[in-house]
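Worksheet for the structure shown next.
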Amino acid sequence: MGRLEGKNVFITGASAGIGEATAREFAKEGSNLILTARRLERLQGLKQELEKQYPSITVTAVELDVRRKSQIDSVVASVPPVDVLVNNAGMVLGVDHLVDVDEDEFDQMIQTNVKGLVFLTKAVLPSMKERQTGHIINLGSIAGKQAYAGGSIYCATKYAVEAITASLRHELVDTPIRVSGICPGLVNTEFSTVRFRGDKDKADNVYTGMQPLVAQDIAELIVFTAGRPPHVNIADMLVFPTAQADAKTVARH
Ligand SMILES: NC(=O)c1ccc[n+]([C@@H]2O[C@H](COP(=O)([O-])OP(=O)(O)OC[C@H]3O[C@@H](n4cnc5c(N)ncnc54)[C@H](OP(=O)(O)O)[C@@H]3O)[C@@H](O)[C@H]2O)c1
């Protein structure tokens with residue numbers, strides 16, 4: 001029996017990109033899935049597909065907007081105890097310099113990337129502590145380690161994720177609960193399309209002349225992280241495409 005077989009894995013933002021790919025990778029390992037996002041129909045399609053392919057696992061699909069704390073609390077109360085929480089839901093809006101940042105977009109990024117992650121973590125931790133088991137895997141970013149022009153608020157949210165991940169690791173050091181941060185560079189998902197507010201050409205341009213990571217590359221590392229023996233905690237993983245060296249240095253041909 002594999003280490004992840006029968007574990008209950010809760011993924012936020014499982015309707016697309018890294019979250020969706022992570023669901024597929026955990027399903028291969030025989031984990032039960034709690035898939036959450038705002039686009040319920042996508043989650044239901046994924047549930048059907050995975051339950052058909054892996055009849056031994058249970059997949060729960062639940063609509064959840066991580067900006068809504070009351071929804072977080074009621075969803076967590078309604079699902080089985082969580083063994084692995086993947087705090088993946090996240091987004092960026094725009095490349096505006098700080099002077100032009102829209103207040104509503106500022107709030108959306110903070111509420112999704114920071115408050116959502118915090119409230120989800122608060123909701124699952126008491127049960128993890130009671131059961132003396134659990135793993136919290138947070139999606140950070142190179143943007144949480146190196147700021148760049150046009151990224152002030154997104155970078156601030158990912159710096160916050162970095163700090164929260166480290167603080168939690170300190171707070172839980174005397175428990176068996178593990179806390180990990182996975183920090184990708186450029187990954188070709190819907191992320192850039194959201195950033196450029198639906199402008200596909202601008203989004204595609206981010207990856208011109210270089211080979212970005214794909215969602216599955218990161219999903220495999222998330223599942224690898226979760227699958228280590230209980231005494232091993234991958235604290236922090238920074239992952240670039242080969243053609244990227246830091247937040248702004250990308251080789252294009
Ligand atoms: N792509 C990259 O280059 C990159 C690099 C570094 C880090 N990351 C991080 O990786 C994570 C996943 O990003 P991705 O690349 O997979 O982007 P994506 O393809 O745009 O997927 C984002 C996911 O987050 C969900 N989401 C957004 N707002 C939400 C909300 N309010 N409530 C619940 N779910 C919400 C979306 O689902 P719904 O719209 O259905 O709610 C979607 O499933 C993010 O935290 C991102 O910051 C991405």
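Atom set for the values below is all heavy atoms of this structure, side chains included, hydrogens, waters and symmetry mates excluded. We count ligands from 1, going down the list as the structure has it; atoms in each ligand are counted the same way. Along the sequence shown, residues carry numbers from 1.
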Which heavy atom in [X] sits nearest to a heavy atom in [Y], and how many Å separate them?
| X | Y | value |
| --- | --- | --- |
| K158 | N113 | CE-ND2, 4.4 Å |
| S180 | H135 | OG-NE2, 2.8 Å |
| P184 | I218 | CB-CD1, 3.8 Å |

Classify the side-chain pair [X]/[Y] by whether it contains a donor and acceptor separated by less than 3.5 Å.
| X | Y | result |
| --- | --- | --- |
| T249 | D246 | yes |
| T165 | N138 | yes |
| Q48 | Q44 | no |

Given R38, E41, R39, M91, identify the one with the heavy atom nearest to atom 41 (O) of ligand 1.
R38

Closest to atom 7 (C) of ligand 1 by heavy-atom distance, out of G144, G140, A16, is G140

Going by the order shown, which atoms of ligand 1 are within less than 4.0 Å of some heavy atom of [X]?
| X | value |
| --- | --- |
| S15 | 36 (C), 37 (O), 38 (P), 40 (O), 42 (C), 43 (O) |
| D65 | 30 (C), 31 (N), 32 (N) |
| L64 | 32 (N), 33 (C) |
| G17 | 16 (O), 19 (O) |
| S141 | 6 (C), 7 (C) |
| V187 | 1 (N), 2 (C), 3 (O) |
| Y154 | 7 (C), 8 (N), 46 (C), 47 (O) |

Between K202 and F196, is NZ or CZ placed under 6.0 angstrom from the six-membered ring centre and within 45° of the ring axis?
no

Please assess R39 against E190 for the test salt bridge (charged side-chain N to carboxylate O under 4.0 Å, His left out), listing each intermediate value before the final yes or no.
CA-CA 13 Å; R39 287 171 290 181; E190 290 176 14; 3.2 Å; yes

If we only consider heavy atoms of G185, is any one of them less than 4.0 Å away from an atom in ligand 1?
yes

For ligand 1, is there an atom lying under 4.0 Å from some heavy atom of R42?
no

Select one of side chain, backbone, both or neither to describe which atoms of E20 lie under 4.0 Å from any atom of ligand 1, heavy atoms only.
neither

Polar proximity ligand 1 side, V66 side, N/O cut 3.5 Å exclusive
yes

In the protein, what heavy atom is nearest to atom 10 (O) of ligand 1, and what distance, to one decimal place, separates them?
I18 CD1, 3.6 Å

